[in-house]
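In what follows, a single structure is set out as structure tokens and then discussed.
Residue numbers start from 1 in every chain, and the chains themselves are labelled A, B, ... in the order their sequence lines are given, proteins ahead of strands.
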Protein chains: 2
Amino acid sequence: MSETVKIQDVAKAAGVSTATVSRTLSNPSVVSERTRKAVLEAVRATGYRVNRAARNLRTQRTGSILTLIPNIGNPFFSQIIAGIEQVFSEAEYSVLVSDTANIGPAGTPLSHVFQDGRADGVIVLDGILPLSSIESVKGTPNEHLVIYACEWAEGAGIPSIRSDNRSGAIQAVNHLADLGHRAIGHICGPEDNVLTGVRRAAFFEAAEARGLDVRPEWVFPGDFKLASGAAAAEAFLGLKERPTAVFSASDLMAMGFISRLSDAGVRVPEDLSVVGFDDIDLAPYFRPALTTIRQDRMELGRITAQTLLSRLRRPTEVQPDFLHIVPVELVERASTAAPAR
Amino acid sequence: MSETVKIQDVAKAAGVSTATVSRTLSNPSVVSERTRKAVLEAVRATGYRVNRAARNLRTQRTGSILTLIPNIGNPFFSQIIAGIEQVFSEAEYSVLVSDTANIGPAGTPLSHVFQDGRADGVIVLDGILPLSSIESVKGTPNEHLVIYACEWAEGAGIPSIRSDNRSGAIQAVNHLADLGHRAIGHICGPEDNVLTGVRRAAFFEAAEARGLDVRPEWVFPGDFKLASGAAAAEAFLGLKERPTAVFSASDLMAMGFISRLSDAGVRVPEDLSVVGFDDIDLAPYFRPALTTIRQDRMELGRITAQTLLSRLRRPTEVQPDFLHIVPVELVERASTAAPAR
DNA sequence: CTGAAAGCGCTTACAG
DNA sequence: CTGAAAGCGCTTACAG
């Protein structure tokens, strides 16, 4: 690999113009077979590779997609990103993954991503991204190249792919009711998160539909993470009257909850049934194995990527209210059982 | 955001040349204060943003770093990437995360990443990447812009940042020996992984140093994942004579192992002590809380990024044998205790 | 089917 | 301190 070889060098080696080399590489069918062979051979011989920056500048695209996540350190997102990456790498796009915090100082308009030429499309996995940032793309040609996955923001008018959170919560409550539980509690996600509201509302709705008892002190605050589940357990242990079952808005909180409870001698499922949400890899290996609502995160990522990809290919088609809901299912394991007594 | 505004438009608005606009933006000190103010105001008024592709083409750099991981779906890497991202986003670099599989068809030379103008530097978190791929950068100006983190390949002659795997394994064995265990086993990582070899060798070395009994049938194959821990448990349960303690090369395998064992009535730590490796977030919440070797993955990511960053800034400095080892520590929890009897 | 030429939007010696 | 001009390496109408 001596000096970098350019299209010029290939053209010279093949005895054709740079235009022909370019065509052979990007649109081979318009070139005669004889020429194509000569060019391809010259490419091989020289070790030529197209320079991206030059191509991007000329074609006015970047070949990359930006994925914005609230916290790159949170393993919850890795499966989703794997799904996204799978689809886009086949389509010859690079996937950039970034903390929402890293797109710039607070309040940075999302439109900058496009203006800077950093990406051809954006997948937002973070419902907390300020609406004002999202709105900066409204009315621009890039408006339909932004898409929410997993989380979303109410009223953003941006297409969204998400799990069926409502159904998941209802399935959890129904499962508990079917087992005979009459008094149930809930561990919530963070208050500023859209998933929290949907899952909680569906929890109340289903509990009411089944005539279950839910008291305000049985609804515990949380943030989807392990420690907040343990904190909920502390609150639970201080209760005079306890529910016989708890639905947690995430598996991680369910695990933190059960851990702390087991230290205090409360047995799951004998003394208390617990249902989680997500079905992370560990759920079947936790003891008791966690009954939970399975989210197909890989699939969610794939569908999101396919949706964005089709928009990148047919830029005219705009449907801002596009909404795709991925089904979830209850996975019954060992953390739920009929109530004692 | 009408049409895209270019440096030309700013120049016109400020009454200066494009050269002066460019200088104001990239090297403000060479411009007079009066001019600078006028330009900045024109930038503000027009909403100008530098086009990356144009800048990249002109400056012959990309402003991105490529991070290659064996499996983007594996949460083990997310903390490392978070550390990398943190450092590089401050330095105004984008971080591209990609499955090793996605750099191209098997055997794709790593040098392509540079030739394509896809990244200014590469962080390889995957020791399995073929040596021939790595070697393609040898002798090129990009040779010292490739760096291993976490894993590595023996003989690649590429700088490497890694945890002190040897010390970790020795600490695990010593902890077990100190508790009074005389017969110990090991669950290995995948055979084609460098970490597997180092941890296993150190395990044997320390066991011998402490005069412990290790039998071939107590060394279980694995792949770092949950299911292989459960498989090791099956093998363990079939043993006529069992060790009283096991050191697992990953936390995930330790958890899979303990889960399956507890189903079979083997209690940890009463009947068997188990030490993991990694200290993933769940380790303190698993029951029994896992005694393990803590790897500071965020720090590992940060150091890797800083090392690569300094090389990007001073391209002359080449030290192919650069090796940085991040300390690990034993975290004692509830999965280890003195042997019974 | 192919080539000559313009131009994508910047940055940077060079000259003054 | 500033400007005119070249050029980074491609792609793509346009013409033939």
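- Shown here are the ring pair (Phe, Tyr, Trp, His ring centres under 6.0 Å) partners of Tyr93(A), two or more places apart in sequence or in another chain: Phe88(A).
- When each of Val124(B), Leu308(B), Ile65(B), Val122(B) is tested with Ile147(B) by the rule side-chain contact (heavy atoms from CB on, under 4.5 Å), just one qualifies, namely Leu308(B).
- Considering Asp120(A), Val113(A), Leu96(A), Leu57(A) as possible partners of Thr62(A), the one that fulfils the side-chain contact (heavy atoms from CB on, under 4.5 Å) test is Asp120(A).
- Between Gln295(A) and Ser163(A), the shortest heavy-atom contact is OE1-OG, 2.6 Å.
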Secondary-structure string, 5' to 3', Watson-Crick or G-U under 3.5 Å, | for another-strand partners, for DNA chain C: |||.||||||||.|||
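- The stretch residues 6-25 of chain B touches DNA chain D through Val16(B), Ser17(B), Ala19(B), Thr20(B), Arg23(B), each having a heavy atom within less than 4.0 Å of the strand.
- Here the closest non-hydrogen pair linking Tyr148(B) and Ala153(B) is OH-CB, 3.3 Å.
- No donor-acceptor pair closer than 3.5 Å links the side chain of Ser133(A) to the backbone N or O of Gly107(A).
- Contacts of residues 27-37 of chain B with DNA chain D (heavy atom under 4.0 Å): Val30(B), Val31(B), Ser32(B), Thr35(B).
- Under the side-chain hydrogen bond (donor to acceptor under 3.5 Å, both in side chains) criterion, Asn51(B) pairs with no residue, sequence neighbours left out.
- A salt bridge between Glu33(A) and Lys37(A) is present, with a side-chain N of the basic residue lying under 4.0 Å from a carboxylate O of the acidic one.
- Heavy-atom distances under 4.0 Å link DNA chain C to Leu57(A), Arg58(A), Gln60(A) of residues 49-60 of chain A, given in residue order.
- Ser160(B) and Arg162(B) are linked by a side-chain donor-acceptor pair at a separation below 3.5 angstrom, with hydrogens and angles left out of the test.
- Thr20(B) contributes no side-chain N or O that, together with a main-chain N or O of Val16(B), makes up a donor-acceptor pair within less than 3.5 Å.
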